[in-house]
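Comments concern the structure below.
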Amino acid sequence: MNSYNEALTWIHGLLKFGIKPGLKRVEWLLQRTGNPEEKIKCIHIAGTNGKGSTVEYLRSIFNEAGYNVGTFTSPYLITFNERVSINKEPIKNDELLEYAKLLKPLVDELTETSLGSPTEFEVITVISLLYFAEKQPDIIIYETGLGGLYDSTNVITPILSLISNIGYDHMGILGDTIEDIAFQKAGIIKKDVPVITTVEQIEALNVIEKEAKTVNSDTYIFGRDFSVLHKKSSDNGEVFLYTGLKDSNISAEISMKGTHQVKNAGLALAAVEYLTGKGFYRIDSEKIKAGLFRANWAGRFEKVSSSPDIIIDGAHNHQGIQALKQTIENHYKGRKMYLLFAALHDKAYKNMMKELENIIHEAYFTTFNFPRAASAEQLLAESPFQRSCSNSNWKVALEEIKKKLENKDVLIITGSLYFISEVRKSFQNME
């Protein structure tokens, strides 16, 4: 292995081992690389929706206050390396190559044991831990990949755990009920480490509080210990009032559009308030406000073209589509809406489409180069829209829609984060 591309090919080659819940393979690798997870200070966040945006709000606030911030996120939108970043700067190609060269013989050795081969996600998790342990940023924010309890990131012991919204997603792995899914997410709660959550379903909260009590973890709950009040939607984004853990009030504005983003910002604010209150960091209210407004997470109701407006959004489950619909109604009410939609075959895409039925003038279904992508024909067969068609080539479909768009019309491109990652690259190449 002598080049970055060879390293990437090797890492991606591990994907065929799929999703293998459990921590033993990651722990095996960490033990043989000096336990880097014990040398970092981090926040851990789980949840069905809102994780990535919350990570971005936190990163932006800490950066604004002068701190170096590591982030571990998934999936990626532009380059693979962005999954492991410091101050939004991805790990360099030669650095990733060196960690891959270090790990390959260990992975080969592990593969021969009863534990079997690690997955791509497990290896990139270990690479991130080695990288952050070496670079020593002031704080690292780890986003779970799937669930929490058996997610490979759950080898860390954070200074604070966060659980964002919980909804129905990955039910084949996480369970069929909100309680089952909440139990998996609550698996990130560690002994004596506080947890802050924006979960609102009472059955999910009961699970989280029970798990927290078991390990003596203090809980801070949205609506009880902190809250947000959405004031208005503007051309710039959303204006809201945050009422904090100690009845503090902050009036703030975010540039990421959608009332659901206000709640994500509230979770980040509660985390910052807790950590500053305990003396971990010093951040004044002006830095907090500036950080919130400058936060910008690609692929979240992101305008990639204007007049007519073309929006890409990473909504990939029912809860995400509901938030997308509300944002469209807040910012584009009365405009003619077109839809370009692709999804993974294991998602509840019929329910996702149904949610948008009343606001879409015409829908195009397509597919993209990904092993789990549903075909354009599969999606069209479930279409609830009066005007809809399919084209397996998304680039051709996009051009067909663009020819129909008038100046005030809006095109929404959504259904999968992996899909909008592909689409986003094409718009960047046009710039």
Side-chain angles (χ1 to χ4, degrees), residues 43 45 47-65 69 141 143 160 162-167 195-201 204-205 219-277 281 283-303 311 313-315 319-333:
I43 297 168
I45 177 166
T48 305
N49 293 88
K51 298 190 298 292
S53 298
T54 305
V55 169
E56 171 61 6
Y57 287 124
L58 285 167
R59 186 225 37 97
S60 188
I61 291 167
F62 277 105
N63 274 170
E64 198 67 32
V69 186
I141 310 157
E143 177 189 340
L160 182 64
L162 306 177
I163 302 176
S164 66
N165 300 336
I166 288 179
V195 58
I196 304 175
T197 182
T198 49
V199 169
E200 293 188 77
Q201 303 100 319
L205 280 173
T219 55
Y220 300 91
I221 295 171
F222 180 78
R224 185 191 75 184
D225 302 302
F226 66 101
S227 63
V228 292
L229 176 64
H230 181 251
K231 292 292 190 70
K232 66 175 182 177
S233 297
S234 71
D235 289 342
N236 292 329
E238 314 293 342
V239 179
F240 70 100
L241 175 69
Y242 167 80
T243 301
L245 305 177
K246 296 179 179 176
D247 293 324
S248 58
N249 287 316
I250 294 178
S251 291
E253 185 174 11
I254 52 175
S255 58
M256 289 201 278
K257 290 176 178 170
T259 53
H260 62 290
Q261 290 293 2
V262 170
K263 196 173 169 189
N264 296 332
L267 180 56
L269 282 172
V272 169
E273 185 181 6
Y274 174 83
L275 293 171
T276 54
Y281 303 95
I283 308 175
D284 64 41
S285 61
E286 292 309 307
K287 298 293 187 189
I288 289 172
K289 288 182 181 182
L292 282 173
F293 189 74
R294 289 178 182 169
N296 182 28
W297 196 233
R300 272 61 172 186
F301 208 80
E302 180 183 6
K303 187 192 295 186
I311 306 292
D313 191 271
Q319 192 177 23
I321 290 287
Q322 283 179 318
L324 170 61
K325 180 183 178 182
Q326 186 176 37
T327 308
I328 292 169
E329 290 176 333
N330 283 355
H331 290 273
Y332 287 112
K333 197 168 184 66

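- Inspection of the Glu273 and Ser248 side chains reveals an N or O donor paired with an N or O acceptor under 3.5 Å.
- Between the side chain of Thr197 and the backbone N or O of Ile163, at least one donor-acceptor pair lies under 3.5 Å.
- Atom OG in Ser233 sits 11.5 Å away from atom CD in Gln261 (nearest 0.5 Å).
- In this structure, CG in Leu324 is found 10.5 Å from CD in Gln326, a value given to the nearest 0.5 Å.
- Contact between His331 and Gly258 at its shortest, heavy atoms only, is NE2-N, 4.3 Å.
- When all heavy atoms of Arg224 and Thr219 are compared, the closest pair comes out as NH2-O, 3.2 Å.
- Looking at Leu205 and Phe222, their side chains never come closer than 4.5 Å, going by heavy atoms from C-beta outward.
- Taking both residues in full, the closest heavy atoms of Ala252 and Leu292 are given as CB-CD1, 3.7 Å, listed atom of the first, atom of the second, then distance.
- No donor-acceptor pair closer than 3.5 Å links the side chain of Ser60 to the backbone N or O of Glu56.
- Contact of the Tyr57 side chain with the Leu269 side chain is not registered, since no non-hydrogen atoms from C-beta on lie closer than 4.5 Å.
- Side-chain atoms of Glu64 never come within 3.5 Å of backbone atoms of Ile61 as a donor-acceptor pair (strictly under, hydrogens ignored).
- When all heavy atoms are compared, the tightest approach of Asn264 to Gly50 is OD1-CA, 3.6 Å.
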**Prompt:** Hey, mind stepping through Thr243 and Leu229 against side-chain contact (heavy atoms from CB on, under 4.5 Å) and telling me if it holds?
**Reply:** CA-CA 8 Å; Thr243 301; Leu229 176 64; over 6 Å; no
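- Counting heavy atoms from C-beta on, the side chains of Lys263 and Glu200 come closer than 4.5 Å.
- Within the 4.5 Å cutoff, side-chain heavy atoms of Lys287 are placed close to those of Asp284.
- Of all heavy-atom pairs between Ala268 and Leu58, the closest is O-CD2, 3.6 Å.
- Within the model, atoms CG of Leu162 and OG1 of Thr198 stand 8.5 Å from one another, a figure rounded to the nearest 0.5 Å.
- Across all non-hydrogen atoms, the minimal contact from Phe226 to Gly266 is CE1-O, 3.8 Å.
- The distance from the OG atom of Ser53 to the CG atom of Asn296 is 10.0 Å, given to the nearest 0.5 Å.
- Looking only at atom types and distance, the side chain of Glu238 has a donor-acceptor partner in the side chain of His230 under 3.5 Å away.
- A donor-acceptor distance shorter than 3.5 angstrom exists from the side chain of Ser255 to the backbone of Phe293, with no hydrogens or angles considered.
- Between Phe240 atom CZ and Ser251 atom OG the span is 9.0 Å, to the nearest 0.5 Å.
- Note: Ile221 CD1 to Ile196 CD1 = 11.0 Å, rounded to the nearest 0.5 Å.
- Between Ile283 and Phe62, some side-chain heavy-atom pair lies under the 4.5 Å cut-off.
- Ring pair Tyr220/Tyr274 is tilted by interplanar angle, where 30° to 60° counts as tilted.
- The closest side-chain heavy-atom distance from Asn165 to His260 is not below 4.5 Å.
- In terms of modelled atom types and a separation under 3.5 Å, the side chain of Lys257 and the main chain of Arg300 share no donor-acceptor contact.
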